[in-house]
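Every heavy atom of this structure was used, including side-chain atoms; hydrogens, water molecules and symmetry mates were not.
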Amino acid sequence: MTPASAPASAPAPTPVIPGFEYRRVAVTDDVSLNVAVAGSGTPIVLLHGFPQTHLMWRHVAADLAADHTVICPDLRGYGASDKPADTDGTAYTKRTMAADIVALARALGHERFALAGHDRGALVAIRAGLDHPDAVSHLASLDVLPTLDMWDVMRGTAGAVGFHLYLMAQPPGLPERMIGAAPDAFFGHFLDLWALSGDAIPPEVRAAYLRASREAVVSIVADYRASAGPDVVHDQADRDAGNLLRMPVTVLQQDWGSALGFDAVGRWRAWAPDLEHTTVSCGHFMAEEAPAEVVKALRALIAR
């Protein structure tokens, strides 16, 4: 057989979290989420960030499953979850995505649960804590600020680190075309730039992240676009009403306060009076770079 006539190789299988059961769970009439579940005991839901999928929790989830029911979904618009069209600007608000997570937990039999999120998933978790305080018992946020504060601190040339926030905030059309022209270069840029540990994301997981992201350009942009519009409106309304995160809150964060010139602890305490804030030395992808540290923080949170 000549090389020209050789059959094309099959695509590499998508990695999974070993020992976890995978299922699709309907959270609205027209949206189902891909979710990995394992363990028993008090439930904790883990929400991934950008440009990743639920696989980012593979080390943390396996450890926590020893004594908790661990639920790891792909957010709507990401991974193997449904990606509805954003016809009216509400399909990817954090309010909508938070409602997905509450519906997911209830569908799995849990009216109340601990919730941890990284990056975009942390913004969904924060909104869930504000909108559904009876459902969220404990809240952990990894390496973000609430949306209202995020936009407020992005100032001057130091704010160039967040160029993607401004790109994806533009009206539909241009961002999708620009990112879609070279998706692996775009999403791979963040995987390379934000990790301090070069071996934290192995090649097969990196390939899965890139594949999932290139197949979700439109919905990922819609998620970010919502954070420059209705998500800010929702945060401001909570700030004006004095609505707070009343549950125990743990924040793990790089030293963005020094880098961008803001008081990280003060910003967070304005939202979360029962706060444990830790500045980490690893990179952005802390659940993959320092999973033992993340597990320790989550276990301590649940014990509060």
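For the pair D143 (side chain) and Q254 (backbone), a donor-acceptor distance under 3.5 Å is present. A donor-acceptor contact shorter than 3.5 Å links the side chain of T69 to the backbone of G41. A donor-acceptor pair is defined here as one N or O able to donate and one able to accept, closer than 3.5 Å; no such pair exists between the side chain of D100 and the backbone of V27. When atom types are taken as modelled, the side chain of W57 and the backbone of A287 share no donor-acceptor pair closer than 3.5 angstrom. Using modelled atom types, one side-chain atom of E289 and one backbone atom of L196 make a donor-acceptor pair closer than 3.5 Å.
Ring-plane geometry between W194 and F190 is classed as tilted, the angle between the planes lying from 30 to 60 degrees on a 0 to 90 degree scale.
Nearest heavy atoms, A65 versus F20: CB-CZ, 4.2 Å. Closest approach of T53 and H48 over heavy atoms only: O-CB, 3.1 Å. Closest of all the heavy-atom pairs between M247 and S137 is CB-O, 3.3 Å. Taking every heavy atom of both residues into account, P273 and R246 meet most closely at CG-NH1, 4.4 Å. Residues L301 and H138 share a closest heavy-atom pair of O-CD2, 3.0 Å. Counting all heavy atoms, side chain and backbone alike, A125 lies closest to G117 at CB-N, 4.3 Å.
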Tell me which donor-acceptor pairs under 3.5 Å the side chains of residues 172-180 have, and how far apart each pair is, sequence neighbours excluded?
residue	atom	partner	partner atom	Å
E176	OE1	G173	N	2.8
E176	OE2	R225	NH1	3.4
E176	OE2	R225	NH2	3.0

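Linking ILVMFWY residues whenever their side-chain heavy atoms come closer than 4.5 Å, directly or via other members, places F285 and L210 in the same cluster. L167 and V218 fall into different hydrophobic clusters, where Ile, Leu, Val, Met, Phe, Trp and Tyr are joined by side-chain heavy atoms under 4.5 Å apart, directly or via other members. Taking hydrophobic clusters as Ile, Leu, Val, Met, Phe, Trp and Tyr residues chained together by side-chain heavy-atom distances below 4.5 Å, L123 does not share a cluster with L244. V102 and L108 fall within a single hydrophobic cluster, where Ile, Leu, Val, Met, Phe, Trp and Tyr are joined by side-chain heavy atoms under 4.5 Å apart, directly or via other members. Hydrophobic clustering (side-chain heavy atoms under 4.5 Å, transitive across Ile, Leu, Val, Met, Phe, Trp, Tyr) keeps V233 apart from L165.
Under the 4.5 Å side-chain criterion, counting only non-hydrogen atoms from C-beta, K83 is in contact with Y92. Using a 4.5 Å heavy-atom threshold, the side chains of P230 and T90 count as separate. Looking at heavy atoms from C-beta onward, R214 lies in side-chain contact with D184 at the 4.5 angstrom threshold. Between Y209 and P51, the closest side-chain pair of non-hydrogen atoms is not below 4.5 Å. Counting heavy atoms from C-beta on, the side chains of V25 and N34 never come closer than 4.5 Å. Residues T279 and Q253 form no side-chain contact, since every pair of their non-hydrogen atoms from C-beta on lies 4.5 Å or further apart. At least one side-chain heavy atom of F50 sits less than 4.5 Å from a side-chain heavy atom of H164. Residues D235 and R127 meet the side-chain proximity criterion, which asks for heavy atoms closer than 4.5 Å.
Atom CZ of R24 and atom CG of D74 lie 9.0 Å apart (nearest 0.5 Å). Rounded to the nearest 0.5 Å, atoms CD (E215) and CD1 (I220) are 10.5 Å apart. To the nearest 0.5 Å, the span separating CD1 on I126 from CG on L148 amounts to 11.0 Å. Expressed to the nearest 0.5 Å, how far CD1 of I44 lies from CG of L64 amounts to 5.5 Å. F163 contributes atom CZ, which lies 10.5 Å from atom CE of M154 (distance to the nearest 0.5 angstrom). Taken to the nearest 0.5 Å, the CD1 atom of I17 stands 10.0 Å off from the CE atom of M56.
Salt bridge D30/R76: absent, no basic N to carboxylate O contact under 4.0 Å. Ion pairing between R299 and D63 holds under the 4.0 Å rule for side-chain N and carboxylate O. We find that D223 and R120 are joined by a salt bridge, their nearest charged nitrogen and carboxylate oxygen being less than 4.0 Å apart. Checked for salt-bridge contact, R58 and E288 meet the test: a charged N lies under 4.0 Å from a carboxylate O. Contact check on R23 versus E21 returns a salt bridge, with a Lys/Arg side-chain nitrogen under 4.0 Å from an Asp/Glu carboxylate oxygen. Looking at R95 and D131, a side-chain N of the basic residue comes within less than 4.0 Å of a carboxylate O on the acidic one, giving a salt bridge.
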- Query: Please walk me through it: do V294 and L252 pass side chain to side chain contact (heavy atoms under 4.5 Å, CB included)?
  - Reply: CA-CA 8 Å; V294 173; L252 301 179; 4.1 Å; yes
- Task: Given side chain to side chain donor-acceptor pair (under 3.5 Å), test H68 with T42 step by step and report yes or no.
- Result: CA-CA 5 Å; H68 293 282; T42 56; 2.7 Å; yes
- Item | Trace of the side chain to side chain contact (heavy atoms under 4.5 Å, CB included) decision for V45 with L47 | CA-CA 7 Å; V45 180; L47 305 180; 3.8 Å; yes
- Report the C-alpha separation of D263 and R269 in whole Å, then their side-chain angles, then the decisive distance to 0.1 Å, and conclude whether the salt bridge (charged side-chain N to carboxylate O under 4.0 Å, His left out) test is met. CA-CA 10 Å; D263 176 6; R269 201 169 296 283; over 6 Å; no
- Step by step, would you call V70 with V37 a side chain to side chain contact (heavy atoms under 4.5 Å, CB included)? CA-CA 6 Å; V70 181; V37 183; over 6 Å; no
- Message: If you apply the rule side chain to side chain contact (heavy atoms under 4.5 Å, CB included), what do you find for V251 with L142, and how did you get there?
- Response: CA-CA 6 Å; V251 173; L142 278 58; over 6 Å; no
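R304 is linked by a salt bridge (charged side-chain N to carboxylate O under 4.0 Å, His left out) to D274, counting only residues two or more places apart in sequence or in another chain.
Residues D149 and W271 bring a donor and an acceptor atom of their side chains to less than 3.5 Å of each other. In this structure, a donor-acceptor pair under 3.5 Å is present between the side chains of D119 and H284.
The six-membered or imidazole ring of Y166 lies near that of W151, with a centre-to-centre distance under 6.0 Å. A centroid separation of 6.0 Å or more is found between the aromatic rings of Y224 and Y78.
The number of heavy atoms from other shown groups lying within 6.0 Å of CG (D88) is above 12.
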